[in-house]
Engineer: 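Here it is, the structure, as structure tokens.
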Amino acid sequence: MPLRDRLPKYLLGKYQLIMTVTFTALFSIVLMLVNAVFSDNVWFRLEAGKVFILTVIFFALALGIVILSKRLMYLTRNTIDLSYAGYIGWSLGEAILIALLYTFFTVEGESMGLIDLQGEPLETVIISAFVYCAVSLGVPYWLAGQYFALNEKNNTIRMMDMENVVGDQEPSGREEKRITLFDNSGVLKFSVNASNLYYIESDDNYIKVWYSDASGALKMYMLRCRLKTVEESFSGSDLVRCHRKYMVNMTKVQLLTSEKDGYFIDLDIDSVDRIPVSKTYEEKILSIFNSR
């Protein structure tokens, strides 16, 4: 996962951000309770009193910072092209703000005689608060991201063996593999025989699936999905990435030509223009083509 890569849009969806904030709040509450019982480095208290009220107010304000931050992230998702590095930086900004808030509460609590720093320097308080906040946010953010990535991969693209599936089609006497496509919400949108699929083209946050229908005519279906998800889902199959914008069904490749601008793929259908092969994928495409 290169840090300069664009952050997947599905991580910035309304549902995903709400669930991330909810999980972070629950994780932070558990961490705060553990620290309140077992740690002497924080002033959180569970028993009734002014420090408990201070603890509740701090947690509410810290959660408010996270909610406002995620709200801003959601509203700017289509105008700011956020990378993984940008997301990490954004999250560290949240941790810094909450650490400063914790420091402010600590200083004010000491001035009111509620908190005893025992001579601990203010710089140490800030650094400790930042580390605590970074863990409180970083761990749930990472876990939520892994969950949504796995969910996206499992729900968006699936390749199924239909030979033993009961349906409305008569058995053909041979193994039929179908490529079934789901949108980002996990809703089934499209299904096609693998033998009828020619190539898949990326179009921003969508993909265009080019296939032949029952009459042999070339058709196109557009689906909200990432080409990278398709690539990961079909790793090791005949569907191969050849360019940042294209994946091709290698069983449909008729000719591979080398020109001064690089390699180009000709499919076994006249109505499709040649598909370029970028330098990144040349070796893999050549290896597959030569092994046929």
Side-chain angles (χ1 to χ4, degrees), residues 1-5 7-8 11-12 16-47 49-77 80-149:
M1 181 194 68
L3 294 178
R4 290 181 294 181
D5 281 4
L7 189 75
L11 289 179
L12 302 178
Q16 285 81 356
L17 290 177
I18 290 175
M19 292 305 296
T20 299
V21 171
T22 302
F23 180 50
T24 301
L26 295 174
F27 180 87
S28 299
I29 288 175
V30 172
L31 190 62
M32 182 176 68
L33 294 176
V34 171
N35 275 277
V37 175
F38 297 104
S39 177
D40 296 328
N41 297 325
V42 295
W43 44 261
F44 300 142
R45 293 294 181 269
L46 304 180
E47 63 271 12
K50 293 183 178 179
V51 179
F52 173 74
I53 296 175
L54 203 65
T55 300
V56 173
I57 294 174
F58 165 76
F59 182 81
L61 291 176
L63 182 60
I65 290 175
V66 174
I67 292 174
L68 289 176
S69 174
K70 291 297 180 282
R71 176 65 177 171
L72 181 61
M73 187 179 288
Y74 175 75
L75 293 175
T76 59
R77 68 193 187 284
I80 298 179
D81 196 13
L82 201 63
S83 64
Y84 283 101
Y87 183 79
I88 293 173
W90 190 306
S91 301
L92 289 176
E94 295 174 356
I96 290 172
L97 287 177
I98 297 175
L100 292 176
L101 179 68
Y102 176 88
T103 304
F104 172 78
F105 270 68
T106 302
V107 172
E108 289 298 310
E110 185 184 35
S111 67
M112 293 185 293
L114 300 176
I115 298 171
D116 183 10
L117 289 178
Q118 298 179 348
E120 187 175 14
L122 187 61
E123 295 81 3
T124 304
V125 174
I126 295 175
I127 294 173
S128 299
F130 173 74
V131 172
Y132 177 87
C133 293
V135 172
S136 299
L137 298 180
V139 172
Y141 285 3
W142 183 83
L143 291 175
Q146 293 299 307
Y147 170 78
F148 292 129

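Every heavy atom of this structure was used, including side-chain atoms; hydrogens, water molecules and symmetry mates were not. If you read the sequence from its start, that first residue is 1, and numbering goes on from there.
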Engineer: So, do I98 and L137 sit near enough that their side-chain heavy atoms are less than 4.5 Å apart?
Structural biologist: yes
Engineer: Show your working on side chain to side chain contact (heavy atoms under 4.5 Å, CB included) between L100 and I96 and close with a plain yes or no.
Structural biologist: CA-CA 6 Å; L100 292 176; I96 290 172; 4.1 Å; yes
Engineer: Which atom pairs, one a donor and one an acceptor, fall under 3.5 Å between side chains of residues 17-26 and the rest of the protein, sequence neighbours left out?
Structural biologist:
unit_1, atom_1, unit_2, atom_2, d
T20, OG1, Q16, O, 2.7
T22, OG1, I18, O, 2.8
T24, OG1, T20, O, 2.7

Engineer: Could you pull out the closest heavy-atom pair between C133 and A95, with the gap in Å?
Structural biologist: CB-O, 3.7 Å
Engineer: Check whether any side-chain heavy atom of Y102 sits under 4.5 Å from a side-chain heavy atom of I126, and report yes or no.
Structural biologist: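 No; the side chains remain at least 4.5 Å from each other.
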Engineer: Just wondering, do V125 and V107 contact through their side chains at under 4.5 Å, heavy atoms?
Structural biologist: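 Contact flag for V107/V125 side chains = no.
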Engineer: Looking at every non-hydrogen atom in both residues, tell me the closest pair between L82 and G86 and how far apart they are.
Structural biologist: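 So the minimum-distance heavy-atom pair works out to CD1-C, 3.8 Å.
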Engineer: What pairs of residues pass the side-chain hydrogen bond (donor to acceptor under 3.5 Å, both in side chains) test when at least one of them lies in residues 57-72, not counting sequence neighbours?
Structural biologist: S69-W90, S69-E94, K70-E94, K70-Y141
Engineer: Taking all atoms of both residues into account, what is the closest heavy-atom pair of G145 and L11, and its distance?
Structural biologist: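 Looks like CA-CD2, 4.1 Å.
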Engineer: Can you tell me how far OG1 of T76 sits from CG of D81, rounded to the nearest 0.5 angstrom?
Structural biologist: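 Rounded to the nearest 0.5 Å, the CG-OG1 separation comes out at 11.0 Å.
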Engineer: Does a side-chain heavy-atom distance below 4.5 Å link L101 with L97?
Structural biologist: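 They are not in side-chain contact.
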Engineer: Apply side chain to side chain contact (heavy atoms under 4.5 Å, CB included) to L12 and list each qualifying residue two or more places apart in sequence or on a separate chain.
Structural biologist: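 L12 satisfies side chain to side chain contact (heavy atoms under 4.5 Å, CB included) with L7, M73, R77 once adjacent residues are dropped.
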Engineer: At what distance, to the nearest 0.5 angstrom, does CZ of F105 lie from CG of L54?
Structural biologist: 5.5 Å
Engineer: Show the numbers, then the answer: is there a side chain to side chain contact (heavy atoms under 4.5 Å, CB included) between I65 and L61?
Structural biologist: CA-CA 6 Å; I65 290 175; L61 291 176; 5.8 Å; no
Engineer: Go through it in stages, so that I can follow the logic: the residues are F27 and L143, the test is side chain to side chain contact (heavy atoms under 4.5 Å, CB included), and I'd like the CA-CA distance, side-chain angles, deciding distance and then a yes or no.
Structural biologist: CA-CA 11 Å; F27 180 87; L143 291 175; 5.5 Å; no
